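All values derive from a computational prediction rather than experimental measurement.
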Amino acid sequence: QVQLVESGGGSVQAGGSLRLSCAASGRTFSSYAMAWFRQAPGKEREFVAGISKSGSRTYYADSVKGRFTISRDNAKNTVYLQMSSLKPEDTAIYYCAANQAYSWSTKLSDYNYWGQGTQVTVSS
């Protein structure tokens, strides 16, 4: 089992940057594929970015490709989301998620461990 705690959210103007972090408990962090999802008010939770267990593969939603970068440090049990060129439509609660069964996945239902979320607000 793994527990996830996000940090790094906040308010920023359009065009700005933020870096989210997700710290995981446990000694088997490298056995989990990790991802970031987000949920805007009144909308469904959606996939943002994912990274394989070793960190060798990354994948992104089209809406963030070229602006966001996901990375992980297995020695620190942490996954990051570097967000640049932020837009007002990026405003949402961002969630870190982990799954052990799949090498990688963009499906919300494949992830069985979730953090509590961190708010990101981008003003125009």
Side-chain angles (χ1 to χ4, degrees):
Q1 203 166 14
V2 64
Q3 292 183 321
L4 306 172
V5 178
E6 302 98 333
S7 61
S11 297
V12 64
Q13 289 192 327
S17 300
L18 281 174
R19 188 175 84 154
L20 305 183
S21 299
C22 173
S25 64
R27 296 175 292 175
T28 60
F29 178 68
S30 60
S31 69
Y32 292 87
M34 302 296 296
W36 289 93
F37 288 78
R38 67 186 181 187
Q39 188 166 17
K43 295 189 177 181
E44 294 185 351
R45 194 171 299 189
E46 65 176 4
F47 171 80
V48 174
I51 189 165
S52 62
K53 297 176 183 181
S54 68
S56 61
R57 294 186 63 182
T58 58
Y59 35 103
Y60 300 90
D62 287 343
S63 59
V64 306
K65 204 170 292 183
R67 300 189 298 122
F68 290 11
T69 302
I70 188 171
S71 61
R72 68 188 295 162
D73 185 337
N74 286 347
K76 294 183 178 180
N77 284 12
T78 303
V79 62
Y80 305 97
L81 185 68
Q82 178 67 49
M83 305 185 294
S84 303
S85 301
L86 282 161
K87 305 175 181 180
E89 51 263 45
D90 294 318
T91 295
I93 299 174
Y94 283 71
Y95 297 90
C96 175
N99 100 81
Q100 202 168 23
Y102 302 95
S103 298
W104 63 276
S105 175
T106 63
K107 292 173 59 179
L108 186 149
S109 59
D110 286 342
Y111 289 84
N112 45 357
Y113 299 104
W114 294 84
Q116 81 289 350
T118 185
Q119 176 71 49
V120 171
T121 303
V122 184
S123 58
S124 57

Problem - Heavy-atom side-chain proximity of Tyr80 to Leu20 below 4.5 angstrom - result: no

Handout entry: Sub-4.5 Å side-chain heavy-atom contact between Phe68 and Leu86
Key = yes

Completion exercise
Residues Asn74 and Asn77: closest non-hydrogen pair is O-OD1, 3.2 Å

Exercise for the section: Group every Ile, Leu, Val, Met, Phe, Trp and Tyr by side-chain heavy-atom contacts under 4.5 Å, then state whether Ile93 and Met34 land in the same group. Expected result: no

Problem - Hydrophobic cluster membership, Leu81 vs Phe47, 4.5 Å side-chain cutoff - result: no

Exercise for the section: With the side chain counted from C-beta on, respond yes when Glu6 and Trp36 share a heavy-atom pair under 4.5 Å apart, and no when they do not. Expected result: yes

Practice task
Would you please say whether a donor-acceptor pair under 3.5 Å links the side chains of Gln100 and Ser31?
Solution key: yes

Fill in the blank from the handout: So the salt bridge (charged side-chain N to carboxylate O under 4.0 Å, His left out) pairs with at least one residue in residues 85-95 (sequence neighbours excluded) are Arg38-Asp90, Arg67-Asp90

Completion exercise
One should read off an interatomic distance between Leu108 CG and Asn99 CG, to the nearest 0.5 angstrom, of 11.5 Å

Handout entry: Minimum-distance pair of heavy atoms, taken over all atoms of Ala98 and Val2
Key = CB-CG1, 4.1 Å

Fill in the blank from the handout: Between Ser123 and Pro88 the two heavy atoms that sit nearest each other are C-CG, 4.5 Å

Practice task
Answer with yes or no whether the side chains of Asp110 and Ser105 bring together a donor and an acceptor at under 3.5 Å.
Solution key: yes

Problem - Charged tip of Arg72 within 45° of Phe29 ring normal and under 6.0 Å - result: yes

Handout entry: For the student: nearest non-hydrogen atoms of Leu4 and Ala24, plus distance
Key = CD2-CB, 3.7 Å

Handout entry: Cluster link Tyr94 to Tyr113, ILVMFWY, side chain under 4.5 Å
Key = yes

Problem - Heavy-atom side-chain contact between Val79 and Ile70 under 4.5 Å - result: yes

Problem - Verdict with supporting geometry, Gln116 and Val5, side-chain contact (heavy atoms from CB on, under 4.5 Å) - result: CA-CA 7 Å; Gln116 81 289 350; Val5 178; 4.3 Å; yes

Problem - Flag side-chain contact, heavy atom, 4.5 Å: Ser17 against Ser84 - result: yes

Handout entry: Test applied, side-chain contact (heavy atoms from CB on, under 4.5 Å); reference residue, Tyr60; option that passes from Thr106, Val48, Thr69
Key = Thr69

Handout entry: Non-hydrogen side-chain atoms of Tyr102 and Tyr111 separated by less than 4.5 Å
Key = no

Practice task
Keeping the roles fixed (side chain from Thr118, backbone from Gly9), state whether a donor-acceptor pair exists under 3.5 Å.
Solution key: yes

Exercise for the section: Enumerate the residue pairs fulfilling salt bridge (charged side-chain N to carboxylate O under 4.0 Å, His left out) with a member in residues 49-63, sequence neighbours excluded, ordered by first and then second residue. Expected result: Asp62-Lys65

Handout entry: Heavy-atom neighbours of Trp114 CH2 exceed 12 at 6.0 Å
Key = yes

Handout entry: same_hphob_cluster(Val64, Tyr59) at 4.5 Å side-chain heavy-atom cutoff
Key = no

Exercise for the section: Indicate, with yes or no, if Tyr95 and Met83 share a hydrophobic cluster defined by side-chain heavy-atom contacts under 4.5 Å among Ile, Leu, Val, Met, Phe, Trp and Tyr. Expected result: no

Exercise for the section: Please test Ser7 against Ser21 for side-chain contact (heavy atoms from CB on, under 4.5 Å), starting from the C-alpha separation and ending with a verdict. Expected result: CA-CA 5 Å; Ser7 61; Ser21 299; 3.8 Å; yes

